[in-house]
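Notes for the one structure printed next.
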Amino acid sequence: MKPPSRPGTVLLTDYAWPDDSVERSVIEKAGHTLVTGPAEPSSAGAIEKLVAQHRPAGILTCWAPVSGTAIGTSPDLRVVARLGVGLDNIAVDAATERGVWVTNVPDYCVEEVSDHAVGMVLAWTRGLAVFDREVRAGRWDPASARLRRLSTLTCGIVGFGRIGRATARRLGAFGCRILAHDPHPPQDVPGVEMTGLEELLRRSDVVILHVPLTPATHHIIGSEQLALMRPGGLLVNVSRGGLVDTDAVIKALDSGHLDGAAFDVLETEPDVPAGLSAQPGALLTPHVAFSSDASVIELRRRAAEEVVRILAGETPAHACNTPRDLPAGSGDPR
C-alpha cells in the first residue's frame, strides 16, 4: 500500500439516492477526487472495469459487488467502504490479503429497521394492508376480520445485536412475550428469554430476522424451519433476502401453515417471484427498511468520512477486517 495523506481518487460505485452531493462534499473537502459510477448497481465485471480505469485509493459501494479482482486491480487502493451494514457484496478476504481496509456504518439505521419490522408486525396483526386492498377494491366487510391481539403473542427475534435489541424494546411496550436467539447471547436481558433457534421457532407466533448474510446463515429459514413454526404465524425479514428459502415460504403460505410473510428484502431483488407476489398473505417493501431522511444523510456522510480518515492514515472508526502488512502510520490499531 501507498503511504497515507496523498490526495487520491475515490470511486463511488453506485448509490440509492438522487445524487452524490454528500459524498462529494466530504471527499473533495479533504482534497481527494470523487468519481461516480451509475446510480443503479452494476455487475462485478463492470465495477472491475471502473476500478481498472480510475485506479482509486478508496471505494465507496452501496449494493454493487466489489470482487477480489476489483480489489486487486488498483495498486493504490487503501479502503473499501460499505454504504450500509452488510458486507456480502464485498470480497473481504481478498481485501484483507492485499492490505485494504473494509469498513461499514453499523449503527446508522437501527431505529429505522426496527420500526419497519415492528410496523410489519402491526400491519399483520391489524390486517392493515389486506383491508386497505379490500376497501380500495370496493369491498367493505368488517365481519371478515380475523385480527390478533399483539400482547397475547410470542415474538421470536433471530439475531440480537443492535437492531434486534431495539426491536425487543419496541415489542416489549406492547406486552407480548419475547424470545431471542443469537450465537453470542447476552446475559440477563430484562423481558427477553434467550433460546436456541429450534425452540424459538416452535414457540413463536411471529419470527423476525435480524442477522447478517454469511455462508452459515444462508437459507437459515427453509422448509424444515418453517415446519417448526406455529401454524398461522408470521415471518418477517428486514435483513438480507438470502436468509430465507423463498420457494419454501411460498409453499408454506399456499398450505396455510404460514399466514403471513413480511419481506423488505428478497434473494432475487429487484425481481419478485410471481408465486410470492400472488400471495394475499405477503407484505412486500422494496429494501427500504434502512431509509429515512435522517438515516440516509448520516450513512452517506459517515461512510465518506471513513474513507477520508483512512486515506489520512488514521484508524478507521468501524473496521470490519484487519488488513495484512499495513505500513507504519496507516491507521493500524494493532
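- Side-chain contact, Ser74 with Asp76: no donor N or O sits under 3.5 Å from an acceptor N or O.
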- Thr33 and Ile27: side-chain contact (heavy atoms from CB on, under 4.5 Å), yes or no, with the steps? CA-CA 7 Å; Thr33 300; Ile27 296 299; over 6 Å; no

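- Ile297 belongs to a hydrophobic cluster with Val22, counting contacts under 4.5 Å between side-chain heavy atoms of Ile, Leu, Val, Met, Phe, Trp and Tyr, direct or through other members.
- When side chains are defined from C-beta on, Phe290 counts as touching Val296, because their heavy atoms get closer than 4.5 Å.
- Of the listed residues (Asn104, Val105, Val110), just one forms a side chain to side chain contact (heavy atoms under 4.5 Å, CB included) with Tyr108, and that residue is Val105.
- Within the 4.5 Å cutoff, no side-chain heavy atoms of Ser291 are placed close to those of Trp17.
- Using a cut-off of 4.0 Å between Lys/Arg side-chain N and Asp/Glu carboxylate O, Asp132 and Arg136 are scored as salt-bridged.
- Pairs passing the side-chain hydrogen bond (donor to acceptor under 3.5 Å, both in side chains) check and including a residue from residues 191-202, sequence neighbours excluded, read Glu193-Arg203, Glu199-Arg203.
- The shortest distance between side-chain heavy atoms of Leu122 and Phe174 falls below 4.5 Å.
- A pairwise comparison of heavy atoms in Ile47 and Ser42 identifies CD1-CB, 4.0 Å as the closest pair.
- In this structure, a donor-acceptor pair under 3.5 Å is absent between the side chains of Thr9 and His32.
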- Report the C-alpha separation of Leu150 and Cys155 in whole Å, then their side-chain angles, then the decisive distance to 0.1 Å, and conclude whether the side-chain contact (heavy atoms from CB on, under 4.5 Å) test is met. CA-CA 9 Å; Leu150 182 52; Cys155 295; 4.2 Å; yes

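- Proximity of Arg300 to Arg24: side-chain heavy atoms (C-beta onward) are nowhere separated by under 4.5 Å.
- Contact record, Gly58 with Val307: CA-CG1, 4.4 Å, taken as the closest heavy-atom pair.
- Through side-chain heavy atoms spaced under 4.5 Å, either directly or across other Ile, Leu, Val, Met, Phe, Trp or Tyr residues, Val265 is tied to no other residue.
- Among pairs with a residue in residues 31-52, none fulfils salt bridge (charged side-chain N to carboxylate O under 4.0 Å, His left out), at least two apart in sequence or across chains.
- Put simply, the side chain of Val51 reaches to within 4.5 Å of the side chain of Pro56, judged on heavy atoms.
- Partner of Phe263 under the side chain to side chain contact (heavy atoms under 4.5 Å, CB included) criterion, out of Thr285, Val272, Val236, Leu276: Leu276 alone.
- With salt bridges taken as basic N to acidic carboxylate O contacts below 4.0 Å, none links Asp182 and Arg165.
- Residue pairs meeting the salt bridge (charged side-chain N to carboxylate O under 4.0 Å, His left out) criterion with at least one partner in residues 254-277, sequence neighbours excluded, are Arg148-Asp259.
- Hydrophobic clustering (side-chain heavy atoms under 4.5 Å, transitive across Ile, Leu, Val, Met, Phe, Trp, Tyr) keeps Val244 apart from Met120.
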- Query: Can you list the steps and then say if Thr125 with Leu153 is a side-chain contact (heavy atoms from CB on, under 4.5 Å)?
  - Reply: CA-CA 10 Å; Thr125 59; Leu153 303 181; 4.0 Å; yes

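- A side-chain donor-acceptor contact under 3.5 Å links Arg302 and His318.
- No side-chain donor-acceptor contact under 3.5 Å links Ser114 to the backbone of Glu111.
- Pairing each heavy atom of Trp124 with each of Gly233, the nearest pair is CZ2-C, 4.0 Å.
- Taking the side chain to side chain contact (heavy atoms under 4.5 Å, CB included) definition, one finds that Ala145 meets it with Phe131, Leu147, sequence neighbours left out.
- Under a hydrophobic clustering in which Ile, Leu, Val, Met, Phe, Trp and Tyr are joined whenever their side-chain heavy atoms come within less than 4.5 Å, directly or via other members, Val158 and Leu171 fall into different clusters.
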